[in-house]
Amino acid sequence: MKTIAKISIASLALSIAGCQDTEDKAIPSLKSAFEGKFTVGATLSNGMLETMNDPGFAIVEKHFNSISPENCMKWGIMNPEPDTFELEHADRFVDYGSENGFEIVGHVLYWHSQTPDWVFEDQDGNLISREALLAKMRERARMMSERWGDRIKVWDVVNESIEGDGSWRNSKFHQILGDEFNELAFRIAMEELPADAKLIYNDYHMTRPGRQATVIAMVKDFQAKGIRIDGIGIQGHWTMEDPSLEELDEMLGAFSQTGVPLHITELDIDYLGRSQYFGANVDLERLKSDPANNPYPDGVLPEAEEQRFAKRYADIFKILLKHHEHIDRVTFWGVSDLTNWLNDFPVEGRTNFSLLFDRQFETKPAFFSVLEVAKQN
Ligand code: G3I
């Protein structure tokens, strides 16, 4: 309790003082605050990679030492048609990362979402054979390796292939390859990507007991079979309530037992929340135009709410630091609230609050609460 009180007073004082200039040398960087604990990352969006002069780059260069591509390496974006490759953004991403000394993360090799139908289906719309799909998967991994070599140090090999109840997701990958999908994917990655690239399984809602148990069983199975798995990727798309701090603590403890390093791969906190929008008869289109779903359209939270948000980040980072010996990296899914995906999910066009930098690219009280936790732990 003592620490929490100190954090909110410190963050409040800093925010009142208006000491919010990201260029201000007096503001310590996140990467230096967590040095020796874990690397700290952010994603580069397609918008940033389009112009290469987005104000977000100043934040990335000051505060982070790892970068992930938000969208540009997804199968459907890089290779929308069998012989069409759109690699400009991905090239810029890797060039920028290596020229500026960042750890570069590849996201994502195999994901059921954002993968075009041509990958799974023949011209008549029938699912292709196991061998044909494996050949396409191998070709994709080989292309990545040949083009960017060992500049990409960490790869999300498979994303979201396990349901919350622990069953395998009924994706087209699974329909064609069956329960061996993950294993086959990691074998291909191990054979095609550089030997020192860290190979990661990445998923969301990792506190769900079923998913957690299957991930742990899969890691142990891979270890027994000599299949490399170098990291468990915990996405970290969390809300103000979910997961509870106890659940978070337990989850990190459970995954740590595997001995495989943990990566928090996609951290953001959905201030507006989303659980109320799921379920039967929810018409997201209608909700879009209802102002009740967008309570702070001017992008400013009431001070008490800003502090509540800052405290949520502080509480989460205290738990992350408790487990820091098992955590390699914490990556934020975006740079500022301006373009974070949660402005459009699950209801489009909301003004959401999710990261440490606001819509003007200035530090928020949550930024200082996280720094304060780093100082004290
Ligand atoms: O590029 C088109 C653009 O041409 C078009 O005008 C615009 C109109 O909607 O859409 C643009 O594509 C969007 C794309 O992001 C780039 O902005 C897609 O509609 C949109 O669906 C896509 O959303 C991304 C989503 O993954 C699906 O790929 C989000 O930005 C991205 O943050 C999100 O990231 C995922 C991780 O990869 C995996 N884990 C969950 C995470 C959040 O969903």
Side-chain angles (χ1 to χ4, degrees), residues 41-51 54 56 60 66-81 84-90 92-93 104-117 119 140 144 152 154-164 169 171-173 185 200-208 211 215 231-239 242-243 263-275 277-278 284-285 288 329-350 352-355 357:
T43 47
L44 302 193
S45 67
N46 274 0
M48 292 175 77
L49 294 163
E50 184 60 39
T51 64
D54 189 280
V60 172
S66 174
I67 53 171
S68 300
E70 184 177 6
N71 284 304
C72 68
M73 286 188 172
K74 290 172 182 171
W75 202 325
I77 291 192
M78 285 182 62
N79 192 189
E81 303 291 337
T84 307
F85 289 89
E86 293 175 6
L87 306 176
E88 203 181 338
H89 287 169
R92 282 186 201 161
F93 168 76
I104 302 175
V105 178
H107 173 84
V108 45
L109 215 45
Y110 310 120
W111 185 24
H112 66 278
S113 178
Q114 313 293 301
T115 298
D117 287 343
V119 171
R140 174 165 164 80
M144 301 285 194
I152 301 181
V154 185
W155 267 106
D156 291 342
V157 175
V158 176
N159 199 33
E160 303 172 7
S161 67
I162 299 169
E163 296 283 6
R169 183 183 291 280
S171 67
K172 288 185 179 163
F173 280 114
I200 289 188
Y201 175 76
N202 192 44
D203 216 324
Y204 64 97
H205 284 169
M206 291 284 251
T207 48
R208 303 291 187 266
R211 180 174 285 127
V215 170
I232 297 176
I234 297 157
Q235 289 188 3
H237 293 297
W238 294 323
T239 72
D242 182 25
H263 294 235
I264 309 297
T265 52
E266 306 183 12
L267 178 58
D268 47 29
I269 295 176
D270 181 352
Y271 168 79
L272 291 179
R274 49 183 175 253
S275 56
Y277 300 113
F278 296 119
L284 293 176
E285 271 307 302
K288 217 158 75 173
R329 168 175 61 102
V330 176
T331 289
F332 290 84
W333 201 242
V335 176
S336 81
D337 287 352
L338 186 63
T339 52
N340 178 265
W341 71 293
L342 291 168
N343 290 308
D344 291 311
F345 181 84
V347 183
E348 264 179 59
R350 292 197 298 175
N352 212 336
F353 306 85
S354 44
L355 295 166
F357 297 88

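Order of listing sets the numbers, starting from 1, for every ligand and every atom in it.
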inquiry  = Below 3.5 Å, N or O to N or O, backbone or side chain included: is there any such pair between Gln114 and ligand 1?
reply    = yes
ask   = Atoms of ligand 1 less than 4.0 Å from His107 heavy atoms?
value = 36 (C), 37 (O), 38 (C)
query = In terms of residue, atom name and distance, what is the protein heavy atom nearest to atom 23 (O) of ligand 1?
reply = Asn71 OD1, 4.3 Å
ask   = Taking C-beta and beyond as the side chain, do Gln235 and Met206 meet within less than 4.5 Å on heavy atoms?
value = no
request  = Measure the shortest side-chain to side-chain distance between Leu342 and His237 over non-hydrogen atoms and say whether it is less than 4.5 angstrom.
outcome  = no
task = Compute the shortest N/O to N/O distance between Glu266 and ligand 1 and return yes if it is under 3.5 Å, no if not.
result = yes
key: Pair Asn71, Gln114: side-chain N/O donor-acceptor within cut-off below 3.5 Å   = no
inquiry  = When you compare the side chains of Arg169 and Ser171, does any donor N or O come within less than 3.5 Å of an acceptor on the partner?
reply    = no
note = for atom 26 (O) of ligand 1, nearest protein heavy atom and its distance come out as Lys74 NZ, 2.9 Å
inquiry  = Below 3.5 Å, N or O to N or O, backbone or side chain included: is there any such pair between Trp111 and ligand 1?
reply    = no
request  = For Glu160, counting its heavy atoms only, list the atoms of ligand 1 lying under 4.0 Å from any of them.
outcome  = 38 (C), 39 (N), 40 (C)
task = Locate the shortest heavy-atom distance separating Ser68 from Val105; write the atom from each residue and the value.
result = OG-CB, 3.5 Å
message = My question is simple, although I want it checked carefully: is atom 8 (C) of ligand 1 less than 4.0 angstrom from any protein heavy atom?
response = no
query = Counting only non-hydrogen atoms of the protein, does one fall under 4.0 Å from atom 42 (C) of ligand 1?
reply = yes
request  = Kindly state if atom 2 (C) of ligand 1 has a protein heavy atom within a strict 4.0 Å cut-off, that is, under 4.0 Å?
outcome  = no
key: Close approach of Trp333 to ligand 1, heavy atoms, under 4.0 angstrom   = yes
message = Tell me whether Asn46 reaches ligand 1 (any heavy atom closer than 4.0 angstrom to a ligand atom).
response = no
query = Are there protein heavy-atom neighbours of atom 15 (O) of ligand 1 below 4.0 Å?
reply = yes
query = Is a salt bridge present between Asp156 and Lys74, judged by a nitrogen-to-oxygen distance below 4.0 Å?
reply = no
N/O donor-acceptor pair under 3.5 Å between Asn352 side chain and Asp270 backbone = no
request  = Kindly indicate whether the side chain of Asn159, heavy atoms from C-beta on, has any atom under 4.5 Å from the side chain of His112.
outcome  = no
request  = Heavy atoms only: give me the nearest Asp203-Ser161 pair and the separation to one decimal.
outcome  = OD2-N, 3.8 Å
query = Parallel under 30°, tilted from 30 to 60°, perpendicular over 60°: which one fits the rings of Trp75 and Phe173?
reply = tilted
ask   = With a 4.0 Å cut-off, strictly under, does atom 12 (O) of ligand 1 pick up any protein heavy atom?
value = no
inquiry  = Looking only at protein heavy atoms, which one is nearest to atom 31 (C) of ligand 1, and what is the separation?
reply    = Glu70 OE2, 3.3 Å
inquiry  = So if I count the atoms of ligand 1 from 1 in the order they appear, which ones are less than 4.0 Å from some heavy atom of Asn159?
reply    = 38 (C)
message = Show the atoms of ligand 1 that are less than 4.0 angstrom away from any heavy atom in Gln235.
response = 39 (N), 40 (C)
request  = Please report the shortest heavy-atom distance between Leu355 and Leu267, naming the atom on each side.
outcome  = CD2-O, 3.8 Å
query = Would atom 38 (C) of ligand 1 count as contacted, meaning some protein heavy atom under 4.0 Å?
reply = yes
query = What is the distance from atom CG of Asn340 to atom OG1 of Thr43, rounded to the nearest 0.5 Å?
reply = 8.0 Å
task = Verify the contact flag for atom 34 (O) of ligand 1, where contact means a protein heavy atom under 4.0 Å away.
result = yes
query = Protein heavy atoms: any of them under 4.0 Å from atom 20 (C) of ligand 1?
reply = no
